[in-house]
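When a residue number appears, it is its place in the shown sequence, counting from 1. Excluded from the calculations below are hydrogen atoms, water molecules and symmetry mates; all remaining heavy atoms, backbone and side chain alike, are included.
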Amino acid sequence: MFDVHRFALFLAAALLLAVTPGPGIFYVLARTLAGGRREGFQSSFGTFFGGLFHVFAAALGVSAILAASAVAFRTVKYAGAAYLIFLGIKMIRSRNVPLPDRAVAENSSPTASATPKTARSRGAIGPTAPAAFRPAPAAFRQGVLTEALNPKTALFFLSFIPQFIAPERGHIFLQFATLGILSVSLNTAADLLVVACAAPLERKLKSSPTFRARQRTASGLGMISLGAYVALSDTK
């Protein structure tokens, strides 16, 4: 069903993105430090199911686009390639942005009355977040809703996964769903690793700006390369 070359490229790109410190990893890290490993695990599994919502929604949309027009599908691929290049440039430019300070997050008035969803999008949920953000039984549900209601997640899947689909091999929905589930699973595996290593990872990220910058630069270059490859390659 899959082209071996495209599948290998997908695995490399998805793995690189999964292990790169970003909003998702920082969110899980903050929830773990705030409520312990149990809450971290629940948040991770919640974002997994929230991500699956976007995967299947996008798979239906891409399948419909291809059924309507091959030209439209190619347009989606090129638009996605441009978006990946944009994200790569943005990631490199933000490589030296420091982690949010706990005290600032706690005392910042915009997030004092924010919902868990909006607080996560601002990167402000931390160990000192209000208790309403941190009940363990609600962590799974909040993780699902946070991810499912995040339009950036939908946009990412619509731009990333179509680059690796081979329409000539058929089963567009199945290809998209399989790659999407694999991508979400890799992200969740990285999140679970963060939960297990929360304290050491926090110290590493905060004490080594060089480490953070190199990670984000490598991922940014990877995304730019992927976008350029797709844009310049001969798509059929």
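Side-chain contact between Leu192 and Val28 is absent, with no heavy atoms from C-beta onward closer than 4.5 Å. Residues Val144 and Thr47 fail the side-chain proximity criterion, which asks for heavy atoms closer than 4.5 Å. A 4.5 Å side-chain heavy-atom check between Phe45 and Phe140 finds at least one atom pair inside the cut-off. Counting heavy atoms from C-beta on, the side chains of Leu182 and Leu11 come closer than 4.5 Å.
Expressed to the nearest 0.5 Å, how far CZ of Phe41 lies from OG1 of Thr188 amounts to 12.5 Å. If you take OG1 on Thr178 and NE2 on His171, they are separated by 10.5 Å, rounding to the nearest 0.5 Å. Atom CD1 in Ile85 sits 15.5 Å away from atom NZ in Lys90 (nearest 0.5 Å). Atom-to-atom distance recorded for Leu17:CG and Leu186:CG is 10.0 Å, nearest 0.5 angstrom. Phe10 contributes atom CZ, which lies 14.5 Å from atom NE2 of His5 (distance to the nearest 0.5 angstrom).
No side-chain donor-acceptor contact under 3.5 Å links Glu147 to the backbone of Phe49. A side-chain donor-acceptor contact under 3.5 Å links Arg37 to the backbone of Ala196. Checked by atom type and distance alone, the side chain of Ser183 never pairs as donor or acceptor with a backbone atom of Leu179 at under 3.5 Å.
Ala177 approaches Ala59 most closely through the heavy-atom pair N-CB, 4.3 Å. The minimum heavy-atom distance linking Val195 with Thr32 is given by the pair CG2-OG1, 3.5 Å. Scanning both residues, Glu39 and Ala139, for their nearest heavy atoms gives CG-CB, 3.5 Å. Across Ala148 and His54, no two heavy atoms sit closer than the pair O-NE2, 3.0 Å. Nearest heavy atom pair, residue Leu158 against residue Ala58, reads CD2-CB, 3.7 Å.
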| message | Run the side chain to side chain contact (heavy atoms under 4.5 Å, CB included) test on Ile172 and Val62 for me, step by step, so that the C-alpha distance in whole Å, both residues' side-chain angles and the decisive distance to 0.1 Å come before the verdict. | response | CA-CA 8 Å; Ile172 300 301; Val62 169; 4.1 Å; yes

| request: For the pair Phe176 and Phe157, evaluate ring-ring contact (aromatic ring centres under 6.0 Å, His included) and give the outcome as yes or no after the intermediate values. | output: CA-CA 9 Å; Phe176 196 111; Phe157 280 124; 7.5 Å; no

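Hydrophobic clustering of Ile, Leu, Val, Met, Phe, Trp and Tyr side chains at less than 4.5 Å, counting indirect connections, unites Leu52 with Ile165. A continuous path of hydrophobic side-chain contacts links Leu9 to Phe7 [ILVMFWY only; heavy atoms under 4.5 Å]. Each of Leu221 and Phe86 belongs to its own hydrophobic cluster when Ile, Leu, Val, Met, Phe, Trp and Tyr are linked at side-chain heavy-atom distances under 4.5 angstrom. Ile161 and Phe53 fall into different hydrophobic clusters, where Ile, Leu, Val, Met, Phe, Trp and Tyr are joined by side-chain heavy atoms under 4.5 Å apart, directly or via other members.
Using cut-offs of 30° and 60° for the angle between ring planes, the Phe160 and Phe156 rings count as parallel. Taking the six-membered ring where the residue is Trp, Phe56 and Phe173 present tilted rings, their angle falling between 30° and 60°.
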